[in-house]
2 protein chains.
Amino acid sequence: MKKDNLIDVVMEKIKEKGGRVTIQRLAIINVLLKLDHPTAEEIYQFMRNEFPTLSFTTVYNTLHSLHEMGILREYRFGEASRFEMAETNHHHFLCQKCGGMKDIEDSNITVHLDEKLSRHYHILNTEVVLKGLCQDCMGEGI
Amino acid sequence: MKKDNLIDVVMEKIKEKGGRVTIQRLAIINVLLKLDHPTAEEIYQFMRNEFPTLSFTTVYNTLHSLHEMGILREYRFGEASRFEMAETNHHHFLCQKCGGMKDIEDSNITVHLDEKLSRHYHILNTEVVLKGLCQDCMGEGI
DNA sequence: ACTGTAAATGTAATAATTACAAATAAAATT
DNA sequence: AATTTTATTTGTAATTATTACATTTACAGT
């Protein structure tokens with residue numbers, strides 16, 4: 001999806017849920033499209049120069065609201081939560097050494113769930129988490 | 001694996017890594033065998049009666065050490081970290097409503113990784129995370 | 001433009017976790 | 001068995017990420 005289309009989709013989704021389209025929300029969406037699984041802190045620091053009046057609390061509030069609206073996903077693998085846009089389905093690799101988080105394309109992993117799982121759970125999302133060493137950290141042990 | 005054997009294996013593993021087998025460590029291992037993905041807080045509260053001199057800090061220290069030794073796994077899906085013994089391989093279901101975490105037997109899910117992933121990553125562990133509603137929370141929406 | 005209200009802001013609180021220094025106790029050595 | 005070494009435990013005091021709250025601002029409907 002082209003970026004401008006995506007912003008339009010997000011704006012539409014916010015309105016659907018009865019929310020307001022604010023410059024803070026749009027700005028944070030744009031940062032999420034630029035950075036790779038940023039934390040709230042990273043988003044805030046990235047925006048400070050261009051948006052000096054932005055409050056750190058607003059970053060948290062906004063991430064929380066957008067998450068509630070289903071616009072983004074939250075991961076708490078490390079100390080701080082990391083965020084990404086929810087529009088794509090993919091898996092993740094976590095480096096045990098540097099703590100880095102990488103996207104793994106959906107097409108690289110096939111998952112098959114036994115049918116009986118659906119008798120016990122209403123499954124909305126299936127995601128694979130791979131743990132190990134990334135290329136940068138390989139060859140040095142854990 | 002029988003419980004006593006498992007304790008022996010854990011003791012051996014601690015010694016291998018140059019660690020000391022303390023009553024605190026053994027007691028916490030035993031709690032991990034009883035409780036389902038407990039948090040540090042839950043472990044501490046569970047132990048207070050029988051072990052009133054136990055320090056909360058020791059729970060954290062111990063969980064950290066045992067994790068470093070590969071004896072247990074840590075998950076940070078919610079606010080607080082949750083822990084489980086590392087001896088078994090299985091997947092997890094996370095309830096989006098109550099925040100509960102359930103084990104899914106390995107045999108209920110098959111995962112196939114594209115070979116080319118191993119060219120970019122040294123993969124040590126593969127785990128599926130299912131998200132949705134558990135039986136208790138079904139029929140009430142999110 | 002006017003108005004109702006959701007969202008933004010700043011400060012202060014909270015919760016989980018870690019740092020640190022002193023006391024204790026495994027386990028190696030004598 | 002006593003002694004010694006040092007990892008671990010303990011309690012208190014930080015730290016870090018996140019949330020609560022009261023006030024101000026500004027989106028969006030009239």
Side-chain angles (χ1 to χ4, degrees), chain A residues 7-8 10-31 37-48 50-69 71-72 74-83 99 101, chain B residues 7-8 10-31 37-48 50-69 71-72 74-83 99 101:
Chain A
I7 297 284
D8 287 347
V10 166
M11 288 175 65
E12 203 47 52
K13 215 163 187 173
I14 292 175
K15 286 177 188 165
E16 265 174 33
K17 311 270 178 176
R20 290 179 180 174
V21 176
T22 66
I23 52 173
Q24 287 87 345
R25 285 180 175 180
L26 293 181
I28 286 173
I29 292 287
N30 272 299
V31 174
H37 307 107
T39 63
E41 172 78 29
E42 283 162 4
I43 292 169
Y44 178 61
Q45 293 305 337
F46 187 82
M47 296 175 76
R48 289 191 77 171
E50 301 219 12
F51 202 152
T53 62
L54 179 71
S55 160
F56 199 176
T57 301
T58 297
V59 177
Y60 273 106
N61 287 343
T62 302
L63 291 170
H64 180 252
S65 309
L66 296 176
H67 182 236
E68 289 251 298
M69 294 176 195
I71 291 166
L72 50 83
E74 179 175 6
Y75 295 96
R76 310 192 118 173
F77 290 123
E79 308 82 50
S81 286
R82 295 188 169 277
F83 300 86
M101 184 174 174
Chain B
I7 296 285
D8 287 346
V10 166
M11 288 176 65
E12 203 47 52
K13 215 162 188 174
I14 292 175
K15 285 176 186 163
E16 265 174 32
K17 311 269 178 177
R20 291 177 180 177
V21 177
T22 66
I23 51 172
Q24 289 87 347
R25 285 178 176 181
L26 293 182
I28 286 173
I29 292 287
N30 272 300
V31 174
H37 308 107
T39 62
E41 172 79 29
E42 284 163 3
I43 293 169
Y44 178 61
Q45 293 304 338
F46 187 82
M47 296 174 76
R48 290 191 77 171
E50 301 220 11
F51 202 153
T53 62
L54 178 70
S55 159
F56 200 176
T57 301
T58 297
V59 177
Y60 272 106
N61 288 341
T62 303
L63 291 171
H64 181 250
S65 309
L66 295 176
H67 181 235
E68 289 253 297
M69 295 174 194
I71 292 166
L72 51 83
E74 179 175 6
Y75 294 97
R76 311 193 116 173
F77 290 123
E79 308 81 51
S81 286
R82 296 188 168 276
F83 299 86
M101 184 174 172

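A, B, ... follow the sequence lines: proteins, then strands. Residue 1 opens every chain. Not measured: the values here are computed from a predicted model.
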Exercise. Would you please confirm or rule out a distance under 4.0 Å between OP1 or OP2 of C:dT9 and any side-chain N or O of A:Q24?
Key: yes
Quiz item: Judged by atom type as modelled, is there a donor-acceptor pair below 3.5 Å linking the side chain of A:R25 to the main-chain atoms of A:R20?
Solution: yes
Quiz item: In terms of the nearest nucleotide of DNA chain C, which residue is placed more toward the 5' end: B:K15 or B:A40?
Solution: B:A40
Practice problem: Give the rounded distance in Å between these two atoms: CZ of B:R82 and C1' of C:dA16. | Solution: 13 Å
Quiz prompt | Among C:dA27, D:dT9, C:dG10, the nucleotide that comes nearest once only the side chain of B:N61 is considered | solution = D:dT9
Quiz item: Is B:T58 near enough to D:dT10 that one of its side-chain N or O atoms lies under 4.0 angstrom from OP1 or OP2?
Solution: yes
Quiz item: If an axis is fit to five pairs at each end of the helix from C:dA1-D:dT30 to C:dT30-D:dA1, what is the angle between the two, to the nearest 10°?
Solution: 40°
Quiz item: Once you round it to whole Å, what is the distance between C1' of D:dT24 and CZ of A:R20?
Solution: 14 Å
Quiz item: Which sits closer to the 5' end of DNA chain D, B:F56 or A:E74, going by the nucleotide each is nearest to?
Solution: B:F56
Quiz item: Reckon A:T39 touches a base, only the sugar-phosphate, or nothing at all at heavy-atom distances under 4.0 Å?
Solution: nothing
Quiz item: Which nucleotide in the list D:dT18, D:dT8, C:dA8 gets nearest to the side chain of A:S81?
Solution: D:dT18
Quiz item: Should the ring pair B:Y75 and B:H37 be called parallel, tilted or perpendicular, given that the plane angle runs from 0 to 90° and is split at 30 and 60?
Solution: perpendicular
Practice problem: Could you pick out which residue, A:V59 or B:R76, lies toward the 5' side of DNA chain C when each is mapped onto its nearest nucleotide? | Solution: A:V59
Practice problem: Grab the CE-P distance between B:M11 and D:dA7 for me, whole Å please. | Solution: 19 Å
Self-check item: With B:R48 via salt bridge (charged side-chain N to carboxylate O under 4.0 Å, His left out) - residues at least two apart
Solution: none
Quiz item: Whole Å only: how far is the CG atom of A:L63 from the P atom of C:dT9?
Solution: 13 Å
Quiz item: For B:S65, which contact category applies under a 4.0 Å heavy-atom criterion: base, sugar-phosphate, or nothing?
Solution: nothing
Quiz prompt | Nearest-Å distance for atom pair CD1/P, residues A:I29 and C:dA7 | solution = 14 Å
Quiz item: Given A:I29, which of A:T62, A:I71, A:I14 fulfils the side chain to side chain contact (heavy atoms under 4.5 Å, CB included) condition?
Solution: A:I71
Exercise. Please report the closest heavy-atom contact between B:E42 and B:P38, naming both atoms and the distance.
Key: OE1-CA, 3.2 Å
Quiz item: Side-chain contact, heavy-atom cut-off 4.5 Å: A:I43 with A:L63?
Solution: yes
Exercise. Using a heavy-atom cut-off of under 4.0 Å over every strand shown, decide if B:T62 touches base, sugar-phosphate, or nothing.
Key: sugar-phosphate
Quiz item: Between the base of C:dT11 and the side chain of A:T57, is there any donor-acceptor pair under 3.5 Å?
Solution: yes
Self-check item: Interatomic distance, B:Q45 CD vs C:dA15 P [rounded to whole Å]
Solution: 14 Å
Self-check item: Any side-chain heavy-atom pair of B:M11 and B:L26 under 4.5 Å
Solution: yes
Exercise. Can you see which heavy atom on B:Y44 is nearest to which on B:S55, and at what distance?
Key: CE1-C, 4.0 Å
Quiz item: Between D:dT19 and A:Y60, is there an OP1 or OP2 to side-chain N/O distance shorter than 4.0 Å?
Solution: no
Exercise. Would you mind reading off the distance between B:I23 atom CD1 and C:dA26 atom C1', rounded to a whole angstrom?
Key: 11 Å
Exercise. Send over the distance from B:K17 NZ to D:dT8 C1', rounded to a whole Å.
Key: 18 Å
